[in-house]
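Since the structure comes first, as structure tokens, the remarks are kept for the end.
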Amino acid sequence: MNPRNLLGFFVFFIICSHSLVSSENITLEFPFFTPQDFTLLGDSTLRSGAVRLTRELRLPSSSSGSVIYNYPIAFFNPETNVTASFSTRFSFSVDNINPSSYGDGLAFFLSPNNRRLGSPGGYLGLVNSSKLTQNRFIAIEFDTRQNLGFNDPDDNHVGLDIDSLVSFKTANPILQAINLKSGNVISAWVDYLNEKRKVEVFLSYSSFKPENPLFTVDIDLSDYLKEFMFVGFSASTEGSTELHYIKNWSFQTLGFRPVRPRTHPHNVSDNSVPLKPATPSADPRNRHHKRIALGLWISFPAFFCVVVLVIGWVSVKKWRSMQTGMSSEAELVTGPRQFSYKQLKSATEGFRQSRVLGHGAFGTVYKAFFVDLGMVSAVKRSKHTHEGKAEFLAELSIIACLRHKNLVQLQGWCAEKGELLLVYEFMPNGSLDKVLYKAENGNPLKWAYRYNIAVGLASALTYLHLECEQQVIHRDIKSSNIMLDGSYNARLGDFGLARLMDHGKSPVTTLTAGTVGYLAPEYLQCGKATEKTDVFSYGVVLLELASGRKPIERDAERQKTVNLVDWVWRLYSEGNILAAADKRMNGEFEEAEMKKLLLVGLSCANPDSVERPSMRKVFQILNNEAEPSVVPRVKPSLSFSNSVPLSIDEIVSDWEDCGTPESQLEIRVGSAV
Ligand SMILES: *[C@@H]1O[C@H](CO)[C@@H](O)[C@H](O)[C@H]1NC(C)=O
Ligand SMILES: *[C@@H]1O[C@H](CO)[C@@H](O)[C@H](O)[C@H]1NC(C)=O
Ligand SMILES: *[C@@H]1O[C@H](CO)[C@@H](O)[C@H](O)[C@H]1NC(C)=O
Ligand SMILES: *[C@@H]1O[C@H](CO)[C@@H](O)[C@H](O)[C@H]1NC(C)=O
Ligand SMILES: *[C@@H]1O[C@H](CO)[C@@H](O)[C@H](O)[C@H]1NC(C)=O
């Protein structure tokens, strides 16, 4: 058995052993979607706890996506011949960038075998158009396009579908003054009452369940509700710009009888088990099971393990044959995944010292080889403990959804044993500070690369500050947090971590992180990070890129530390800004670009936060799409009205007293607000 099989087996075993005793009523409540409980397929993404099922593009496109709850749910207990009733509620919205381009809709589904994505268009991401009969399902469709091939009555209907997209029954919600395409949040309730053989669907713009159902279908679903079913949502577009969101979801099964002693539903050869006298029981079949179980539990725990393992193994085979193409499915999964602690431990050889890539504010970074996945990654192991797990996971889901070509992509995470580990793409060229200051064989980083790094970073920060759904302030931009990919493109790392770290701390003292030399004066003053403090740090990085000097350098002659911003600003005041250019480049750079980079760097590092440009402006200036801002000849000085808790000089002298190496330059500033 290779390690992957073994892992898969254990995962299955856990699910399986969970399921064997789980023919009981379950209740699921998801006020927001969490990456660890759901699988996202196709074009679906998770952002701020809501799932968007189809692609967000201004131009019409075809896409399909689904979100599936990771664990199969029991709907039938073969032992007692009981089929469960169920009841679900969810809130969704159908938005549109261009309302004249609508379609196709979304669906809530239960399926014994659907863990794969279906086709776009009228197939609602539910069915593969080339394998129409492969998927079995019970679905409630919310259809926004009339597809005559499926006998759709109109372009605004709700329907019950069983194994086919030709609905069993449909209703137009306009009867209850609801338009699926309005863009408003709509809550839906779907109830199946097994005793009454009845499905009821309710719809409302408010979060209160209306009295009257939109429609009722008299149907016996017990033929379709299997022992285990996957539950999820899917949606599709075809040449439209429609967007489908699911905001929250709750689900419960009802009607299973209270659990009896945990017996095994599988037959075991009788003569291999010595039977103990059975306790009286009304149901002879049940008594038989009880005796076996009792015997197994008491006399042969080891044997029991073997039996369970064998059964588990057989089930794995069954599971496999049921869902061929498991690996192709894994490729379809978008977004970060959950790793087990074990997996990460073995990928880093037990967090071996020789695997350490570096140390950061968040914790230690290790190089990890995932042999089974054929993947090299960087694993960050937090040095903080994380208590508020739900809060933390909500935060993590925000970070997990950030995607930009100049950000280091989060590949996964692991939160086990109070530890938090984050798995990132591995960056072959390491961090900018190493490349910039420890130039291999004396070759300094070429100008074209430096300028490209400046532009890439501006693009990433524009995204974090202005373009992603929830603004992210980085709070610790510095050359050692800027990674370089194989082509020396900038990839900003550690974004969002400052927020994560705050969750791990006691709520009493709000601490903020940052690094000397990159901290804006007002941040030192009041400890509050804003996008303007990020702009300041970015400015310092630009000056580093241009000059090849560290933010704070020791001047050996004058026994002093030199602040890079002050140094460049002085040269600029003297009308000699190009003297700040990295000497090691021997003048091999575009003068105009060099001047621009230095000036943009200074304007970003303006002590007055109001004067600093936005990241979008910076991006435009560097791309010659906007005029550079005018930089005052003399560095403006700021005076704070109240006492300044720490000044740069104080921090620098603290740092000198400690005699710590530059890698330890990090400081923590107590918040004064
Ligand atoms: C689900 O989300 C919608 C929209 O955000 C909200 O109106 C509704 O109250 C939420 N329902 C629950 C149970 O959280
Ligand atoms: C299980 O229950 C259904 C009705 O709920 C009944 O038709 C069927 O015969 C039962 N099967 C067994 C094996 O008892
Ligand atoms: C449908 O099945 C075919 C054949 O297995 C596959 O090539 C195709 O990618 C599937 N379509 C979708 C949308 O998954
Ligand atoms: C499941 O719910 C039903 C009511 O629908 C209840 O009678 C039964 O006791 C519950 N079963 C368990 C195992 O909680
Ligand atoms: C156990 O085996 C008997 C025959 O040996 C079979 O009739 C019965 O259906 C089996 N029960 C289960 C739960 O598989």
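Just follow the structure's listing: the first ligand is 1, and inside any ligand the first atom is 1. Values below: every heavy atom of this structure, side chains too, minus hydrogens, waters and symmetry copies.
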Any N or O of Phe256 that comes nearer than 3.5 Å to an N or O of ligand 4? yes

Judging by distance only, is a nitrogen or oxygen of Asn25 under 3.5 angstrom from one on ligand 4? yes

As an exercise, identify every atom of ligand 1 less than 4.0 angstrom from a heavy atom of Ser207. 9 (O)

Within the 4.0 Å heavy-atom shell around Ser91, which atoms of ligand 1 are there? 1 (C), 2 (O), 3 (C)

Can you tell me which portion of Pro31 lies within the under-4.0 Å heavy-atom range of ligand 1? Options are side chain, backbone, both, or neither. neither

For the side chain of Ser236 and the backbone of Gly121, is there at least one donor-acceptor N/O pair under 3.5 Å apart? yes

Where the side chain of Ser204 meets the backbone of Ser206, is there a donor-acceptor pair that is under 3.5 Å apart? yes

Any nitrogen or oxygen of Lys247 lying under 3.5 Å from a nitrogen or oxygen in ligand 1? Just yes or no. no

Among all protein heavy atoms, pick out the one at the shortest distance from [atom]; state its residue, atom name and that distance to 0.1 Å.
atom                    : answer
atom 13 (C) of ligand 1 : Arg89 NH2, 3.0 Å
atom 2 (O) of ligand 1  : Asn248 ND2, 2.3 Å
atom 4 (C) of ligand 1  : Val185 CG1, 3.6 Å

Between Phe90 and the options Phe233, Trp249, Trp189, the ring-ring contact (aromatic ring centres under 6.0 Å, His included) test singles out Phe233

Atoms of ligand 3 close to [X] [distance to a heavy atom under 4.0 angstrom, numbered from 1]:
X      : value
Asn128 : 1 (C), 2 (O), 3 (C), 8 (C), 10 (C), 11 (N), 12 (C), 14 (O)
Ser130 : 1 (C), 2 (O), 3 (C)
Gly118 : 13 (C)

Any side-chain heavy-atom pair from Tyr192 and Leu110 closer than 4.5 angstrom? no

Crowding at [atom1], [X] (>12 non-hydrogen neighbours, <6.0 Å):
X      : atom1 : value
Tyr205 : OH    : yes
Lys196 : NZ    : no
Tyr102 : OH    : no

Does any donor atom in the side chain of Asp43 or Thr54 lie under 3.5 Å from an acceptor atom in the other side chain? no

Do we see a donor-acceptor contact under 3.5 Å between the side chains of Asn98 and Arg58? no

Does Arg116 approach ligand 3 within less than 4.0 angstrom via side chain, backbone, both or neither, non-hydrogen atoms only? neither

Looking at ligand 3, does any of its N/O atoms fall within less than 3.5 Å of an N/O of Lys131? yes

What atoms in ligand 4 come closer than 4.0 Å to a heavy atom of Leu254? 5 (O)

Less than 6.0 Å separating the ring centroids of Phe150 and Tyr123? yes

